[in-house]
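Worksheet: the structure to be examined is printed underneath.
By convention in this document, chain letters (A, B, ...) are assigned in the order of the sequence lines, proteins followed by strands, and residues within each chain are numbered from 1. Reckoned from all heavy atoms, side chains included, excluding hydrogens, waters and symmetry mates.
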2 protein chains.
Amino acid sequence: MAEPTSRRIETRQRILDAAGLLFRQHGIDGVGVDAVMKQAGLTHGGFYAHFASKEALAAEVARSLLEKSARSWDEISRTDDPGPALRRIVAGYLNPEKVASGLCCSLTSLGPDFARRSASRSAVGGALRGMLEALARVMPDPHDGDSGSPNRHRGNALAALSTMVGAVVLARLADDPELARAFLDAAAASILPERTNTTG
Amino acid sequence: MAEPTSRRIETRQRILDAAGLLFRQHGIDGVGVDAVMKQAGLTHGGFYAHFASKEALAAEVARSLLEKSARSWDEISRTDDPGPALRRIVAGYLNPEKVASGLCCSLTSLGPDFARRSASRSAVGGALRGMLEALARVMPDPHDGDSGSPNRHRGNALAALSTMVGAVVLARLADDPELARAFLDAAAASILPERTNTTG
DNA sequence: TGTACATCAGTGAACGCGCGTTCACTGATGTAC
DNA sequence: TGTACATCAGTGAACGCGCGTTCACTGATGTAC
């Protein structure tokens, strides 16, 4: 009983993946336990062998989705040079197809849901800090001469993450695809050092 | 029957206000029609004399809350000079007490909920554009010499709104009040022309 | 001013349904000898 | 290799509850004469 079998672990992960998909599409309250289990190829009764409650599942989904993002950003931030790394992170986050498909970062589709559930809220704390650290690592120095200020990169990372999250929230809310696209483009332009725009 | 009585109008507004409060606190799916009516000082049965369904209520709440913001920003943008106007709008939006109380802009607490409900989504389109126009009106020229570019203010407004929305979403999600505060401060600093920080 | 009536906003019991959760059971897997 | 048994992941019927919605009714308000 001490070690869970590998089959158990796989099933648990399948449930987490199914919930991660459906919760982002329909919100946590918009998806029942039975729908999650069906998506995972199981029946609803077995759910409680893997999670104590739907709340506990939500918290695990929150943790697992955001830790995946944090790991990805961390790796990019340590592998690439800062400039290309930042561009990869931002372009990946603000990718219009991903946003339209609804498979974008859970912060943008479930942020308020997580914020209202204390278990989910505390589950994401670590990953959130990890994302900020990765972002701070690849932030450019500001164009005024203030590159010495120690917290400057952190402040820029906080603002950049805010801009990305907000842009995706607003792009998904916009009724018009052109406006959606404008949010994503404007956010990317405001985070990345100016250089992309035209030849003027 | 043509003209609704003033009493009817007042009651309808009381329901809208109650729903605006409770939906922002607990999410749309987290609040029942009976809770909304009780908060409005009525019993649940009377609800359907005022709204066709809970969905219709959600859409009206979306419209009414965001149009209120749009009107407020519009007035500020036409009354004050651009600099002070922008500062008032940003400081009002990123106010830490308002964020902590949960009475902040509905985009940050219900944005994803609205985005998933087509009626709500189309109900907010106009107000969203109104908010962007007000914001564009008070945006400063960029510090590079590109002040002639006609869409530059619009792009800045899109990015600024994204930053504000994202910062509040993240501040409410952060488990630590200090981190919450840092999101709000960093967002304000990144939107407002640099000048507030220290005497350096 | 007073009476009779029509209107209609709001009441509260009742409905069917879907949800989260429980539990006795099944049947496949693995271990002991 | 073969048999007997223990384990345990997954099944599916059942539960109580709360939700969105309906509807026959009440009682206050306003109008007609």
Side-chain angles (χ1 to χ4, degrees), chain A residues 1-62 110 113-114 116-120, chain B residues 1-62 110 113-114 116-120:
Chain A
M1 151 64 75
E3 297 290 286
T5 70
S6 72
R7 183 185 175 193
R8 228 180 116 74
I9 292 173
E10 273 169 35
T11 300
R12 190 187 141 94
Q13 189 59 47
R14 253 201 349 273
I15 298 172
L16 274 177
D17 291 345
L21 179 76
L22 295 178
F23 285 175
R24 276 183 286 174
Q25 283 173 352
H26 306 112
I28 296 173
D29 287 328
V31 179
V33 167
D34 64 333
V36 170
M37 293 301 277
K38 184 180 259 183
Q39 172 78 20
L42 299 164
T43 54
H44 64 276
F47 175 77
Y48 294 88
H50 293 276
F51 298 94
S53 64
K54 194 188 175 190
E55 280 308 305
L57 170 66
E60 281 306 297
V61 166
L110 298 172
D113 273 333
F114 292 159
R116 282 189 281 260
R117 292 160 197 261
S118 58
S120 301
Chain B
M1 160 51 74
E3 297 290 287
T5 69
S6 71
R7 183 184 173 195
R8 229 181 116 73
I9 293 172
E10 272 169 36
T11 300
R12 191 187 140 94
Q13 190 58 49
R14 249 197 356 267
I15 297 172
L16 275 176
D17 291 344
L21 180 76
L22 294 178
F23 284 175
R24 277 182 285 174
Q25 283 174 352
H26 306 112
I28 296 173
D29 287 328
V31 179
V33 167
D34 63 333
V36 170
M37 293 300 276
K38 184 180 259 184
Q39 172 78 21
L42 299 163
T43 53
H44 64 276
F47 175 76
Y48 294 87
H50 294 275
F51 298 93
S53 64
K54 193 189 174 188
E55 280 308 304
L57 170 67
E60 282 305 299
V61 166
L110 299 172
D113 274 333
F114 291 159
R116 283 190 279 261
R117 293 161 196 260
S118 57
S120 300

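- Distance, A:H26 NE2 to C:dC19 P: 12 Å, rounded to whole Å.
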Determine, step by step, whether A:L16 and A:F51 satisfy the side chain to side chain contact (heavy atoms under 4.5 Å, CB included) criterion, reporting the C-alpha distance in whole Å, the side-chain angles of both residues, the deciding distance to 0.1 Å, and the verdict.
CA-CA 10 Å; A:L16 274 177; A:F51 298 94; 3.9 Å; yes
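- Rounded to an integer number of Å, the gap from A:M37 CE to C:dG18 C1' is 18 Å.
- Put simply, the side chain of A:R24 gets close to the backbone of A:G20: a donor and an acceptor are under 3.5 Å apart.
- Close to D:dG20, at under 4.0 Å from its OP1 or OP2, lies no side-chain N or O of B:S53.
- Atom CZ of B:R14 is separated from atom C1' of C:dG10 by 11 Å (rounded to the nearest Å).
- Closest approach to the B:T43 side chain among C:dG12, D:dT21, D:dG10 is made by C:dG12 (side chain taken as heavy atoms from C-beta onward).
- The interatomic distance linking B:R8 (CZ) with C:dA9 (P) rounds to 4 Å, in whole Å.
- Rounded to a whole Å, the CD atom of B:Q13 is 17 Å from the P atom of C:dA9.
- The distance between atom CZ of B:F47 and atom C1' of D:dC19, rounded to the nearest whole Å, is 13 Å.
- Rounding to whole angstrom units, CD1 of residue B:I9 and P of C:dG10 are separated by 12 Å.
- Pairing for D:dG20 is with C:dC15, a Watson-Crick or G-U wobble pair whose two hydrogen-bonding atom distances lie under 3.5 Å.
- Between A:T11 and B:D34, the residue anchored closer to the 5' end of DNA chain D is A:T11, taking for each the nucleotide with the nearest heavy atom.
- Here A:V36 lies out of heavy-atom contact (under 4.0 Å) with every strand.
- D:dC33: Watson-Crick or G-U partner is C:dG2, with both key distances under 3.5 Å.
- Nearer to the 5' terminus of DNA chain C, by closest-nucleotide assignment, is the contact made by A:I28 (compared with the other of A:I28 and A:G45).
- Looking only at distances, no side-chain donor or acceptor of B:R12 sits under 3.5 Å from a matching main-chain atom of B:R8.
- A:F114 places a side-chain heavy atom less than 4.5 Å from the side chain of A:I28.
- Remark: B:R7 is not in phosphate contact with C:dA9, judged by side-chain N or O atoms under 4.0 Å from OP1 or OP2.
- Pairing of C:dT26, defined by two Watson-Crick or G-U wobble distances under 3.5 Å, is identified with D:dA9.
- Between the OH atom of A:Y48 and the P atom of C:dC19 there is a distance of 12 Å, rounded to whole Å.
- Between the CG atom of B:L22 and the CG atom of B:D17 there is a distance of 11.0 Å, given to the nearest 0.5 Å.
- The nucleotide whose nearest atom lies closest to any side-chain atom of B:H44 is, among C:dA13, C:dG10, D:dT11, C:dA13.
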